[in-house]
Trainee: 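Got a structure for you, written out below as structure tokens; questions coming shortly.
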Amino acid sequence: MKPALLFICFVLCIKSFSQDQKKSRNIFIITTDGFRWEELFQGADKELVCNNKFVKDTGLTKDLFWDTTADLRRKKLMPFFWNVIAKRGQIYGNRQLASKVNVKNLYKISYPGYGEIFTGLADLKPILNWPVLKRNTSIFEYLNAQPSFEGKVVAFTSWSIMPFILNEPRCRFSVNSGYEMLNYQNEGGDVIDSLQKMVYRKGKTRQDQLTYLSAKEYIEQFRPKALFLGLGETDEYAHDGHYDMYLQKAAAVDKMIADLWYYLQTDPFYKDNTTLIITTDHGRGKKGAAWRRHGFWVRGSGEVWLAILGPEILPFGEMTATPQIWQKQIAATAALLVGEHFKPSFHSGSPISIPGFGELQSKYAVNTK
């Protein structure tokens, strides 16, 4: 009987191990700056896509992004979101379906928004988008201090202010932002660095494609377990009033996320154990020229959205009639998905209570008593 018992134990162990491997062990948070929920859920705005003030070639832009229904328009603009995440993950923030995601901070601009995403706190201290080191601990700094994540955390961002929000001098992980070189001493890194050097006009925001290529090169070479990818051109073109380019950059973000997910799902290190959390730092104005602006004085600036895709996320797609979600809950949710507990203060956001989190939510409640 002993060989039979040993065989049964072996099978049970293998089964238990395989089930455990399905859980998320890696967490990637991705943001596209200032991208409105209106375009994500409804596609191109008719009032704006036909407006010569905001679109140089209305005919071509309509050919690219316009269609008769919101469902068709949003699939034209963001096919990965609506053909993959909507089937395999969850998408929150369609206010027409009673699903609300909001920022909690008062200011509704980028620095406080990213600070809220990273730290779980809606800081009352008035901070503009200036290079000031943030004092609060971020979810990425916290994870980097855990034995299973130490040295496996990284951030790649288009906006050059991000190292200050993440407090790079203190956080002890790499934050590659703006047109910062990779200096990897390999063919891929050399090509990306050469491309960055060729950019003639370098502003505070690096071209998103270069940010993404830099991040992917790092992922392939170093296999990080926690990554922040911050893309910024949607906000840049919105502020400049170029609605056509705003749509094109949103479509490019969708393609980059699709490419990243395909890579993750075809790489043994990441396959079926990596979760993506995709969101934005703030909303924008609603009508007419107000779409260009955001801030506490602009209606709609606090309205955002959230998408989650991973092994522990039930495939419920576009969510309806959900409890209110706050931006400050993202950090604790990201930690929970990789089996960690992040609640640095009483005022920090708790994990999002959404379908598919039942077992994890129960564990969180027990661990925090």
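The basis for the numbers below is simple: all heavy atoms, side chains too, and nothing from hydrogens, waters or symmetry mates.
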Trainee: Are Trp326 and Phe118 co-members of a hydrophobic cluster defined by side-chain heavy atoms under 4.5 Å apart?
Mentor: no
Trainee: Please report the interatomic distance NE2(His282) to CD(Gln327), rounded to the nearest 0.5 Å.
Mentor: 9.5 Å
Trainee: Answer with yes or no whether the hydrophobic clustering places Met162 together with Phe28; edges join I, L, V, M, F, W, Y residues whose side-chain heavy atoms lie under 4.5 Å apart.
Mentor: no
Trainee: Sequence neighbours left out, what passes ring-ring contact (aromatic ring centres under 6.0 Å, His included) with Tyr114? Give chain and number order.
Mentor: none
Trainee: Going by salt bridge (charged side-chain N to carboxylate O under 4.0 Å, His left out), name the pairs with one or both residues in residues 255-264, residues two or more places apart or in two chains.
Mentor: Lys216-Asp259
Trainee: So, for Pro311 and Thr274, which heavy atoms are closest and what is the spacing to 0.1 Å?
Mentor: CD-O, 3.4 Å
Trainee: Could you go step by step and tell me if Phe35 and Lys249 meet the side-chain contact (heavy atoms from CB on, under 4.5 Å) rule?
Mentor: CA-CA 10 Å; Phe35 183 57; Lys249 294 305 176 181; over 6 Å; no
Trainee: Looking only at atom types and distance, does a side-chain atom of His239 sit under 3.5 Å from a main-chain N or O of Arg292, one as donor and one as acceptor?
Mentor: yes
Trainee: Taking the six-membered ring for Trp, are Tyr246 and Phe54 closer than 6.0 Å centroid to centroid?
Mentor: no
Trainee: Might you point out which heavy atoms bring Ile325 and Gln329 nearest each other, and give the distance in Å?
Mentor: CA-OE1, 3.5 Å
Trainee: Taking it one step at a time, do Asp272 and Gln265 satisfy side-chain contact (heavy atoms from CB on, under 4.5 Å)?
Mentor: CA-CA 7 Å; Asp272 293 333; Gln265 287 299 97; 3.1 Å; yes
Trainee: Are any of the side-chain heavy atoms of Leu337 and Ile277 separated by less than 4.5 Å?
Mentor: yes
Trainee: Is the ring pair Tyr243/Trp291 parallel, tilted or perpendicular, if the boundaries are 30 and 60 degrees?
Mentor: perpendicular
Trainee: Under the rule for ring-ring contact (aromatic ring centres under 6.0 Å, His included), what residues qualify as partners of Tyr107, not counting sequence neighbours?
Mentor: none
Trainee: For Leu166 and Phe140, work out which heavy atoms get closest and say how close.
Mentor: CD2-CD1, 4.2 Å
Trainee: Report the residue from Leu128, Leu121, Asn105 that forms a side-chain contact (heavy atoms from CB on, under 4.5 Å) with Pro112.
Mentor: Asn105
Trainee: Nearest 0.5 angstrom please: His347 NE2 to Lys328 NZ, how far?
Mentor: 8.5 Å
Trainee: Ignoring hydrogens, what is the shortest heavy-atom contact between Lys76 and Leu64? Give both atom names and the distance.
Mentor: CD-O, 3.6 Å
Trainee: Who pairs with Trp297 by side-chain contact (heavy atoms from CB on, under 4.5 Å), at least two apart in sequence or on another chain?
Mentor: none
Trainee: Could you note down all residue pairs passing salt bridge (charged side-chain N to carboxylate O under 4.0 Å, His left out) where residues 92-107 supplies at least one of them, sequence neighbours left out?
Mentor: Arg95-Glu303
Trainee: Partners of Leu124 by side-chain contact (heavy atoms from CB on, under 4.5 Å), sequence neighbours excluded?
Mentor: Leu106
Trainee: Measure the shortest side-chain to side-chain distance between Lys225 and Gln146 over non-hydrogen atoms and say whether it is less than 4.5 angstrom.
Mentor: no
Trainee: Quick one: do Ile117 and Ile257 end up in the same hydrophobic cluster if we chain Ile, Leu, Val, Met, Phe, Trp and Tyr together by side-chain heavy atoms under 4.5 Å apart?
Mentor: no
Trainee: Suppose we screen for side-chain contact (heavy atoms from CB on, under 4.5 Å). Which residues come up paired with Thr266, at least two apart in sequence or across chains?
Mentor: Tyr262
Trainee: Under the side chain to side chain donor-acceptor pair (under 3.5 Å) definition, can you give me all pairs with a residue in residues 118-136, not counting sequence neighbours?
Mentor: Asp123-Lys134, Asp123-Arg135, Lys134-Asn136
Trainee: Calculate, to the nearest 0.5 Å, the distance between atoms CZ and OG belonging to Phe228 and Ser138 respectively.
Mentor: 10.0 Å
Trainee: Do Phe149 and Tyr142 come within less than 4.5 Å of each other through their side chains, counting heavy atoms only?
Mentor: no
Trainee: Do Phe80 and Leu260 touch side chain to side chain, with heavy atoms closer than 4.5 Å?
Mentor: no
Trainee: Are more than 12 heavy atoms from other residues, nucleotides or ligands located less than 6.0 Å from atom CD of Glu187?
Mentor: no
Trainee: Scan for salt bridge (charged side-chain N to carboxylate O under 4.0 Å, His left out) pairs involving residues 148-176, sequence neighbours excluded, and state none if there are none.
Mentor: Glu141-Arg170
Trainee: Under 3.5 Å, is there a donor-acceptor pair linking the side chains of Ser99 and Asn94?
Mentor: no
Trainee: To the nearest 0.5 Å, what is the distance between OG1 (Thr279) and OH (Tyr92)?
Mentor: 12.5 Å
Trainee: Tell me the closest heavy-atom pair linking His294 and Arg284, and the distance in Å.
Mentor: CD2-NH2, 3.7 Å
Trainee: Ring centroid separation for Tyr270 and Trp261, is it under 6.0 angstrom?
Mentor: no
Trainee: According to a 4.5 Å side-chain heavy-atom criterion applied to Ile, Leu, Val, Met, Phe, Trp and Tyr, with indirect links allowed, do Val132 and Trp159 form part of one hydrophobic cluster?
Mentor: yes
Trainee: Evaluate whether atom CZ of Phe296 has more than 12 neighbouring non-hydrogen atoms of other residues, nucleotides or ligands under 6.0 angstrom away.
Mentor: no
Trainee: Tell me whether the NZ or CZ atom of Lys202 lies within the 45° cone about the ring axis of Tyr179 and under 6.0 Å from its centre.
Mentor: yes
Trainee: Mind checking the CD1-OH spacing from Ile192 to Tyr218? Nearest 0.5 Å is all I need.
Mentor: 13.5 Å
Trainee: For a side-chain contact (heavy atoms from CB on, under 4.5 Å) with Asp244, tell me which candidate from Val55, Val49, Leu48 qualifies.
Mentor: Val55
Trainee: In chain order, what residues pass the ring-ring contact (aromatic ring centres under 6.0 Å, His included) check against Phe81, with sequence neighbours excluded?
Mentor: Trp305
Trainee: Under the side chain to side chain donor-acceptor pair (under 3.5 Å) definition, can you give me all pairs with a residue in residues 51-73, not counting sequence neighbours?
Mentor: none
Trainee: Can you list the steps and then say if Asn26 with Asn273 is a side-chain contact (heavy atoms from CB on, under 4.5 Å)?
Mentor: CA-CA 6 Å; Asn26 313 297; Asn273 65 8; 3.1 Å; yes
Trainee: State, to 0.1 Å, how close Ser301 and Arg293 come at their nearest heavy-atom pair, and which atoms those are.
Mentor: OG-O, 4.4 Å
Trainee: Is there a path of hydrophobic side-chain contacts, each under 4.5 Å between heavy atoms, that joins Leu264 and Ile27?
Mentor: no
Trainee: Check step by step if side-chain contact (heavy atoms from CB on, under 4.5 Å) holds for Gln207 and Ser158.
Mentor: CA-CA 7 Å; Gln207 293 179 19; Ser158 295; over 6 Å; no
Trainee: Would you say the side-chain atoms of Tyr237 and Gln248 include a donor-acceptor pair closer than 3.5 Å?
Mentor: no
Trainee: Who are the ring-ring contact (aromatic ring centres under 6.0 Å, His included) partners of Phe164, not counting sequence neighbours?
Mentor: none
